[in-house]
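The structure appears right after this line, and notes come after that.
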Amino acid sequence: MLAAPVVLAELHAGHFAEALAVRYLFYRRNLHAASSSTVPLLCTPLMLSLQEVALRDDTTLIEDAAGALHVALNRAEAWCRASASKADLLAETALALEALASYENSDTYGDAAATQALMVTAQAMQSCSQVSSAASSSSSTVIQPLRDHHAITPNVMSALHGRERQLLTVMTLKQDLEDKRARLSAAQLMPASQAKKIESLRTVVGQLEVSLAAAEAEYNRQLARNREEFQALRASRGAELTAMLGSLVAVQLKEEQQQLAIWQQLAQSLPQPAVTTAYMAQRDLHIGPVT
């Protein structure tokens, strides 16, 4: 019969470690009661408040969100690195084309048209590299809310679990106080020779009452603070992540539009490729002319 309220608290809270600790309090109290006819069995269930249950449900959600934030941040950082790598590759390709242009422009193998095409393409790639580099830097700045919310998650979890530990302290003190009060009541029924024991128990009961009041005040303070901070965190996270996505899309769109303009301008400055040439007709299968 005594296990029912504990199991109910366990199911509602979703935190088995704390529920098992509460179960131990019941076990300890009734183990003593079983060996003493003067101590009544503990029948008062230690139920969790609706606010406590709601916060423990929220704690589970935050634990799940922490994993999702970690994956999202990891992919966002990879995206920024890929954009930076693209910028580096474009710059390196531009340098390679410039080197090839200098060869095409040499006295030995002078080809003005090829040199011009290579140079304007290298310049276009260099411009695209600068655009990608700027986009990578902007993207890295834009995803800062992901970093911030990922970084504060351990602190949030620490605060939530701290409140749970404080509640366990309150529960422990309550059980100890009930136990000492029951012992005091039993001792008061004994002969006058128990006066010293009664006085000692009264002192312990008084100390426990003070400790319990302080523990309950601290728990209520942490409970109110957890609720307030969690609601503020949930609201700010939603707003900040939504704004982040809008900014990230704007950065990517700007990069695509600027690079599109560069490529279109380059395409207009280059001669249109011929349908075929003697080399193009045989480049896939032959090194030299067909015999």
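A donor-acceptor contact shorter than 3.5 Å is absent between the side chain of E255 and the backbone of A135. A donor-acceptor pair under 3.5 Å is absent between the side-chain atoms of S83 and the main chain of W79, judged by distance alone. A donor-acceptor distance shorter than 3.5 angstrom exists from the side chain of T169 to the backbone of R165, with no hydrogens or angles considered.
For the pair E98 and L95, the minimum side-chain heavy-atom distance is below 4.5 Å. Counting heavy atoms from C-beta on, the side chains of M171 and L48 come closer than 4.5 Å. Side-chain atoms of E164 and T59, non-hydrogen and from C-beta on, do get closer than 4.5 Å to each other.
Annotation: the span from M125 atom CE to W263 atom CH2 amounts to 4.5 Å, rounded to 0.5 Å. How far CG of L167 is from CG of N220: 10.0 Å, rounded to the nearest 0.5 Å. Separation of atoms CD (Q259) and OG (S132) is listed at 4.0 Å; rounding is to 0.5 Å. Distance check: R163 CZ to N226 CG gives 5.0 Å after rounding to the nearest 0.5 Å. Expressed to the nearest 0.5 Å, how far CG of L146 lies from CG of N74 amounts to 11.0 Å. In this structure, the separation between CG on L266 and OG1 on T121 is 4.5 Å, given to the nearest 0.5 Å.
The closest side-chain donor-acceptor pair between E52 and Y219 falls under 3.5 angstrom. Using a 3.5 Å distance cut-off with no hydrogens or angles, the side chains of Q222 and E218 do pair a donor with an acceptor.
No continuous path of hydrophobic side-chain contacts links L241 to I62 [ILVMFWY only; heavy atoms under 4.5 Å]. A chain of hydrophobic side-chain contacts below 4.5 Å, direct or via other Ile, Leu, Val, Met, Phe, Trp or Tyr residues, connects L55 to M157. Taking hydrophobic clusters as Ile, Leu, Val, Met, Phe, Trp and Tyr residues chained together by side-chain heavy-atom distances below 4.5 Å, L260 does not share a cluster with I262. The cluster map of Ile, Leu, Val, Met, Phe, Trp and Tyr, joined by side-chain heavy atoms under 4.5 Å apart, puts L100 and M119 in different clusters. Neither M244 nor L233 shares a network with the other; the hydrophobic side chains, linked directly or stepwise wherever heavy atoms of I, L, V, M, F, W or Y lie under 4.5 Å apart, form separate groups for each.
The list of side chain to side chain donor-acceptor pair (under 3.5 Å) pairs with a residue in residues 200-216, not counting sequence neighbours, reads R181-E209.
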Please output the side-chain donor-acceptor pairs of residues 147-154 that fall under 3.5 Å, not counting sequence neighbours, one pair per line with the distance.
{"residue": "R147", "atom": "NE", "partner": "E77", "partner atom": "OE2", "Å": "2.7"}
{"residue": "R147", "atom": "NH1", "partner": "S140", "partner atom": "O", "Å": "2.7"}
{"residue": "R147", "atom": "NH1", "partner": "Q144", "partner atom": "OE1", "Å": "2.8"}
{"residue": "R147", "atom": "NH2", "partner": "E77", "partner atom": "OE1", "Å": "3.3"}
{"residue": "R147", "atom": "NH2", "partner": "E77", "partner atom": "OE2", "Å": "3.3"}
{"residue": "R147", "atom": "NH2", "partner": "S140", "partner atom": "O", "Å": "3.1"}
{"residue": "R147", "atom": "NH2", "partner": "S140", "partner atom": "OG", "Å": "3.0"}
{"residue": "D148", "atom": "OD1", "partner": "Q144", "partner atom": "NE2", "Å": "2.9"}
{"residue": "H149", "atom": "NE2", "partner": "E240", "partner atom": "OE1", "Å": "2.7"}
{"residue": "H150", "atom": "NE2", "partner": "H70", "partner atom": "ND1", "Å": "3.3"}
{"residue": "T153", "atom": "OG1", "partner": "H149", "partner atom": "O", "Å": "2.7"}

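Between A187 and I198, the closest heavy-atom pair is O-CD1, 3.5 Å. Contact detail for A76 and I143: the closest heavy-atom pair is CB-CD1, 3.8 Å. The two residues L97 and A122 make their nearest non-hydrogen contact at CB-CB, 3.9 Å.
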message = Let's go through K174 and L177 carefully: what are the C-alpha distance in whole Å and the side-chain angles of both, what is the deciding distance for side-chain contact (heavy atoms from CB on, under 4.5 Å) to 0.1 Å, and is it a yes or a no?
response = CA-CA 5 Å; K174 280 184 177 180; L177 181 58; 5.7 Å; no
task = Any chance you could lay out the side-chain contact (heavy atoms from CB on, under 4.5 Å) test for E92 and S129, step after step, and finish with the verdict?
result = CA-CA 9 Å; E92 292 168 1; S129 172; over 6 Å; no
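Using a cut-off of 4.0 Å between Lys/Arg side-chain N and Asp/Glu carboxylate O, K180 and D176 are scored as not salt-bridged.
Remark: E229 CD is packed, more than 12 non-hydrogen atoms of other residues, nucleotides or ligands lying under 6.0 Å away.
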